[in-house]
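Worksheet for the structure shown next.
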Number of protein chains: 2
Amino acid sequence: MANRSGVNFDPYVTNINLTVSNRPSFSHVSFRDMMHRARKEAILEECTRLLSERGYDAMTLDQVAEAAGMAKAVLYKHFKGKEDLCCEVMVRGLERAQGFLDGLPARMVASQRLQAFVRWVLQAQLNSDAPLLAERKSEIRHALKASEPYQLALQGLSTRLEEWIVQAQEAGHIHPGWPLLVARQMLMTRAVDPMVDALMHTQAYSHDEVVEWCVKTCMATLHASPEYLPLSQKAKPAKKSMLAVG
Amino acid sequence: MANRSGVNFDPYVTNINLTVSNRPSFSHVSFRDMMHRARKEAILEECTRLLSERGYDAMTLDQVAEAAGMAKAVLYKHFKGKEDLCCEVMVRGLERAQGFLDGLPARMVASQRLQAFVRWVLQAQLNSDAPLLAERKSEIRHALKASEPYQLALQGLSTRLEEWIVQAQEAGHIHPGWPLLVARQMLMTRAVDPMVDALMHTQAYSHDEVVEWCVKTCMATLHASPEYLPLSQKAKPAKKSMLAVG
DNA sequence: GTCTATACAGAGATAGAC
DNA sequence: GTCTATCTCTGTATAGAC
């Protein structure tokens, strides 16, 4: 049985240590509490990884328990069940994303922040540490819809992105032709772009190159005009309009 | 157990038919064969819908059997199992896509064909009739990877798209800065863009409007230059380059 | 070929000893 | 609080009557 953190959590050993020592009960409680939180962290960490790698439906609590080095029953002391556990993972993912946005250097302008956001989420996904939910048809979505903390965190992230979109549009870095709602959904969707998997699978590009191509597709879209329609049957836009962009 | 020769070995039915009917065995076999195919079609149709609505993992064979109006055991007379059934659904989806591409009017230029392809797949998805696999982490991907018919059909579709991409690039409708591989993956990924679900969910746009916005994001990207990078720390591209596109 | 009934496996969740 | 062992439910797949 793998214990990835390497810490000894055996309750009996812990008991012995507490008995032979004369530490005050305050310290005792604090110690146990610390261990408790540490185990919870280990669970959340491994669950984040498995969720990112396998997806909600394919991930099992047996896998989480084994990866975290504890019995499955322990999971239920910390969380009500699979849904509850994964909801908390997703909420923490959103909080990490918020933290990343908060830490962006002040000199960055809005469009740079948006690009940094997309790149960071894409990279995290390739590192099996996805902070955002990529699955559209997973059973967990029902639970997330009902989760107030999740909806609040998601709302915060959306608001932040929308502010920057407006700023970037005013600065002329995002084309004003994109509705705010469409631009926001595009950013959040491209941040978990399934194209990363497809491109990685071709083995034509490195990890970082794949991320950059995905970032480019996203930013190029927002910068371009949505009104380009090569298919309106007669219009054939001149080449020079395109070359003027580069 | 599949009966590859199509001959009926069942002792009961064969006996009855041979006794009470005087029709030549040829007609008899043809009629039964027709019914057999009809039921198989019904299974495939309902499975396509459920697969599109719920995804591979969430879809159950009980649902397929009930939707098709037959006992679950019948499914196993037509298909080896869930994987086999869904693989055939996906292959037929690819064939339908090929059929759509074959039917495009001759006057359409390459970029118009590409746009028509993306729009058609997106619409089919919203009609619960997805011809392409959107799920990236489903268990079915292993089976598809091993399925020769699927890989062949997918290869055919890819080749066709790549030809048109090259033509569109030569015509100046797709920016030459996009590598062929990236452009192809972008098209196939955008054709099943998860953004459709996200946008539909906001209830801000109608069915058709959502599809059009997704089509626009895809085509605008291919038309634009990938080398626009607002985030290269010092460069601040002029507004006029963007406005020149519209 | 189609049905009912059932075997079998996997995974979520719980019981009870320590 | 943690463990082992078990329950329960669901879903795939199969057996056997007709």
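Just so it is clear: chains get the letters A, B, ... in the order the sequence lines come, proteins before strands, and each one is counted from 1. Only a predicted model underlies this, so the values are computations on that prediction, with no experimental measurement involved.
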* Can you measure from NE2 (His201(A)) to CD (Gln185(B)) and round to the nearest 0.5 angstrom? => 9.5 Å
* Asked: So, does Glu209(B) use its side chain to make a donor-acceptor pair with the main chain of Ser206(B) at under 3.5 Å?
  -> yes
* Short side-chain to backbone donor-acceptor contact, Lys137(B) and Ala58(A), under 3.5 Å -> no
In this structure, how many angstroms lie between the [atom2] atom of [N] and the [atom1] atom of [X], rounded?
{"X": "Met70(B)", "N": "dT4(C)", "atom1": "CE", "atom2": "C1'", "value": "16 Å"}
{"X": "Arg37(A)", "N": "dG1(D)", "atom1": "CZ", "atom2": "P", "value": "12 Å"}
{"X": "Leu75(B)", "N": "dT14(D)", "atom1": "CG", "atom2": "P", "value": "12 Å"}
{"X": "Lys82(B)", "N": "dG10(C)", "atom1": "NZ", "atom2": "P", "value": "15 Å"}
{"X": "Met35(A)", "N": "dC3(D)", "atom1": "CE", "atom2": "P", "value": "11 Å"}
{"X": "Asp62(B)", "N": "dA5(C)", "atom1": "CG", "atom2": "C1'", "value": "14 Å"}
{"X": "Asp57(B)", "N": "dT10(D)", "atom1": "CG", "atom2": "C1'", "value": "14 Å"}
{"X": "Glu66(B)", "N": "dG11(D)", "atom1": "CD", "atom2": "P", "value": "12 Å"}

* Would you say the side chain of Lys72(A) and the base of dG12(C) hold a donor-acceptor pair, judged only by whether the two atoms sit under 3.5 Å apart? -> yes
Identify which nucleotide among [options] has an atom closest to any side-chain atom of [X], counting heavy atoms from C-beta outward.
{"X": "Tyr76(A)", "options": "dT14(C), dT4(C), dT2(C)", "result": "dT14(C)"}
{"X": "Val74(B)", "options": "dT2(C), dT2(D), dA13(C)", "result": "dT2(C)"}
{"X": "Ala71(B)", "options": "dG11(D), dG1(C), dT4(C)", "result": "dT4(C)"}
{"X": "Lys77(B)", "options": "dT2(C), dG11(D), dC3(D)", "result": "dT2(C)"}
{"X": "Arg39(A)", "options": "dT2(D), dA13(C), dA13(D)", "result": "dT2(D)"}
{"X": "Ala73(A)", "options": "dG1(D), dA15(C), dG12(C)", "result": "dA15(C)"}

* To do: For a side-chain contact (heavy atoms from CB on, under 4.5 Å) with Met188(B), tell me which candidate from Leu154(B), Leu133(B), Val121(B), Val118(B) qualifies.
  => Leu154(B)
* Asked: Distance check: side-chain N/O of His78(A) vs OP1/OP2 of dT2(D), anything under 4.0 Å?
  -> yes
* salt_bridge(Asp57(A), Lys82(A)) N-O dist < 4.0 Å -> no
* Presence of salt bridge, Lys80(A) and Glu88(A), under 4.0 angstrom -> no
* Does anything in residues 46-54 of chain B reach DNA chain D, meaning a heavy atom under 4.0 Å, and if so which residues? -> none
* Indicate whether the side chain of Thr221(A) and that of Thr221(B) have a donor and an acceptor atom separated by less than 3.5 Å. => yes
